[in-house]
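I have placed the structure first, in the form of structure tokens, so that the comments after it can refer back to it.
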Amino acid sequence: MAPTGRAALLAALGTLPVGIWEPSWTGILAVNAPLALACACDYALAAPVRRLGLMRSGDTAARLGETAEVTLTVTNPSKRPLRAHLRDAWPPSSWLPGSEVAASRHRLTVPAGERRRVTTRLRPTRRGDRQADRVTIRSYGPLGLFTRQAGHQVPWTVRVLPPFTSRKHLPSKLARLRELDGRTSVLTRGEGTEFDSLREYIPGDDTRSIDWRATARQSAVAVRTWRPERDRHILLVLDTGRTSAGRVGDIPRLDASMDAALLLAALASRAGDRVDLMAYDRRVRALVQGRSAGDVLPSLVNAMAPLEPELVETDARGLTATALRTASRRALIVLLTSLDAAPIEEGLLPVLSRLTQRHTVLLASVSDPHIARMANARGTTNAVYEAAAAAQAQSDRHRTAEQLRQHGVTVVDATPDDLAPALADAYLALKAAGRL
């Protein structure tokens, strides 16, 4: 006679050999009474888990690549000590690969009527909001034979901010800004609108800056120097359409654009200019306006954190109309978008004149350094074909940039590592030339 399921289970537990007959429940209880009693006692002595009190505290924000610590306080209101294993679950992108098990699992003992804290250290690998999932607690009896288990929802959100790696360039750009502002002994030859002082003419100076009345009163030719204008309006426009999703190196184009925008915002706010931000594809994804100089950078970082590329074609007409409404007075509009031929020629160029008639426009785009390496490749047939394709891509890109320049747009096209400082230099050059 084949053993039944109950007999097979008991045989697997090693408590009763499988025979040729099905044992009676009386026999099973007689043989297993000590084990059953031990399990019952262990279960009775295990602290209940559903009545536990759980509360979170700790970091609510962290930069990408940094560690965030979230503390979970466990209160045991029962009269039995809690011996437990705890799993604090978060989304997979909250950890470095392979570190989730060690970081999310904790062992703790909480005496009756007391509380204990455990700390989960997150190391997010993506921007955005990371929300805590279920906290699972398994309570053990003193013998470890029986457990109680329950899950608890303990909400908490950690916002992962852009890393702002280009911050290292800020001191050198601020030094250049101080030169333009006349706070050092270096004189600026720009054409701002705030008169600063007179100095002697140097070959190469713009003859329009000569002060003929002052020249008539002295033996040397005198030229006027100008202090760059302050309190200008800078509108940063992040294109979050499909082209921003393309990865260049290890990061999406959108992330490289964000980093460049943050450096420019930090520099412009120090220069006394007002900085706003708009993220757009087919609708406004983020909008920051009217922030003070001290608050603008935290506001931009916080607004950028949850942004993700949308797999839709950017509506250039809608973007232009929204930018014009946002910047009602003359401003520098910085478009952080793609320099691909099709989106520019079919989308932006037909409506570009609406922006350039009222504003100074600067377009910044992330170029792929792999294309440059492909263009220089030689040695094999495949390498030659790749070089030809890369050269064609570079030619199309240069042609598109030239079309934009013919419409009066300043174009910055650089690799992810170079885009932020190049954009800051372009801003300083416009400021020195008095074009803001």
Side-chain angles (χ1 to χ4, degrees), residues 5-16 23 25-62 67-96 98-124 129-160:
R6 289 191 298 273
L9 176 60
L10 291 171
L13 292 173
T15 60
L16 182 69
W25 282 111
T26 304
I28 294 173
L29 291 175
V31 174
N32 292 281
L35 178 61
L37 180 61
C39 288
C41 292
D42 208 38
Y43 178 80
L45 293 175
V49 291
R50 296 191 182 279
R51 294 192 293 115
L52 294 175
L54 289 91
M55 182 177 66
R56 292 190 186 274
S57 60
D59 295 332
T60 57
T67 300
E69 295 188 349
V70 179
T71 299
L72 188 66
T73 302
V74 181
T75 303
N76 179 15
S78 72
K79 297 181 180 180
R80 285 163 280 177
L82 173 69
R83 309 170 187 86
H85 289 175
L86 181 149
R87 178 176 182 261
D88 190 5
W90 290 75
S93 59
S94 302
W95 330 87
L96 292 175
S99 65
E100 177 181 359
V101 173
S104 64
R105 286 165 170 77
H106 309 275
R107 298 183 67 174
L108 75 159
T109 300
V110 186
E114 296 187 16
R115 66 184 62 181
R116 292 291 186 270
R117 295 182 178 88
V118 293
T119 299
T120 300
R121 291 176 174 82
L122 309 178
R123 189 70 182 273
D129 292 337
R130 298 292 168 267
Q131 297 180 345
D133 202 345
R134 183 181 299 271
V135 176
T136 303
I137 300 179
R138 180 176 293 173
S139 172
Y140 290 84
L143 299 178
L145 296 176
F146 221 93
T147 63
R148 303 170 183 256
Q149 180 171 308
H152 297 262
Q153 293 291 345
V154 191
W156 194 260
T157 300
V158 175
R159 174 156 287 190
V160 186

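Computation of the quantities below employed the complete heavy-atom set of this structure, encompassing side-chain atoms and omitting hydrogens, waters and symmetry-equivalent molecules.
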Gln149 vs Thr136, side chain to side chain contact (heavy atoms under 4.5 Å, CB included): CA-CA, chis, key distance, verdict: CA-CA 7 Å; Gln149 180 171 308; Thr136 303; 3.8 Å; yes

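- Taken to the nearest 0.5 Å, the CG atom of Leu86 stands 7.0 Å off from the CG atom of Leu54.
- Each salt bridge (Lys or Arg N to Asp or Glu O under 4.0 Å) pair with one or both residues in residues 107-119, not counting sequence neighbours, appears once here: Glu114-Arg116.
- Listed here is the closest heavy atom pair of Ala68 and Val158: CB-CG1, 4.1 Å.
- Side-chain contact between Pro77 and Leu52: present, with at least one pair of heavy atoms (C-beta onward) separated by less than 4.5 Å.
- We find the CH2-CG distance between Trp95 and Leu122 to be 5.0 Å, quoted to the nearest 0.5 Å.
- For Thr71, the side-chain hydrogen bond (donor to acceptor under 3.5 Å, both in side chains) test picks out Thr119, with sequence neighbours left out.
- Between Val154 and Leu72, the shortest heavy-atom contact is CG1-CD1, 4.1 Å.
- The stretch residues 44-56 participates, sequence neighbours left out, in these side-chain hydrogen bond (donor to acceptor under 3.5 Å, both in side chains) pairs: Arg56-Asp88.
- By the 4.5 Å heavy-atom criterion applied to side chains, Thr120 and His106 are counted as neighbours.
- Shown here are the salt bridge (charged side-chain N to carboxylate O under 4.0 Å, His left out) partners of Arg159, two or more places apart in sequence or in another chain: Asp129.
- Distance check: Ser104 OG to Asp133 CG gives 11.0 Å after rounding to the nearest 0.5 Å.
- Using a 4.5 Å heavy-atom threshold, the side chains of Trp90 and Glu100 count as separate.
- A donor-acceptor distance shorter than 3.5 angstrom exists from the side chain of Ser139 to the backbone of Ala47, with no hydrogens or angles considered.
- Nearest heavy-atom pair across Arg148 and Pro48 is CD-CA, 3.8 Å.
- Atom OG1 in Thr109 sits 7.5 Å away from atom CG in Leu82 (nearest 0.5 Å).
- Between Arg138 atom CZ and Arg87 atom CZ the span is 11.0 Å, to the nearest 0.5 Å.
- Applying the side-chain hydrogen bond (donor to acceptor under 3.5 Å, both in side chains) criterion to Asp59, with sequence neighbours excluded, gives no partner residue.
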From CA spacing to verdict: side chain to side chain contact (heavy atoms under 4.5 Å, CB included), Arg134, His152: CA-CA 6 Å; Arg134 183 181 299 271; His152 297 262; 5.9 Å; no

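- Partners of Arg83 by salt bridge (charged side-chain N to carboxylate O under 4.0 Å, His left out), not counting sequence neighbours: none found.
- Ile137 and Ala84 get closest at one heavy-atom pair: CG2-CB, 3.8 Å.
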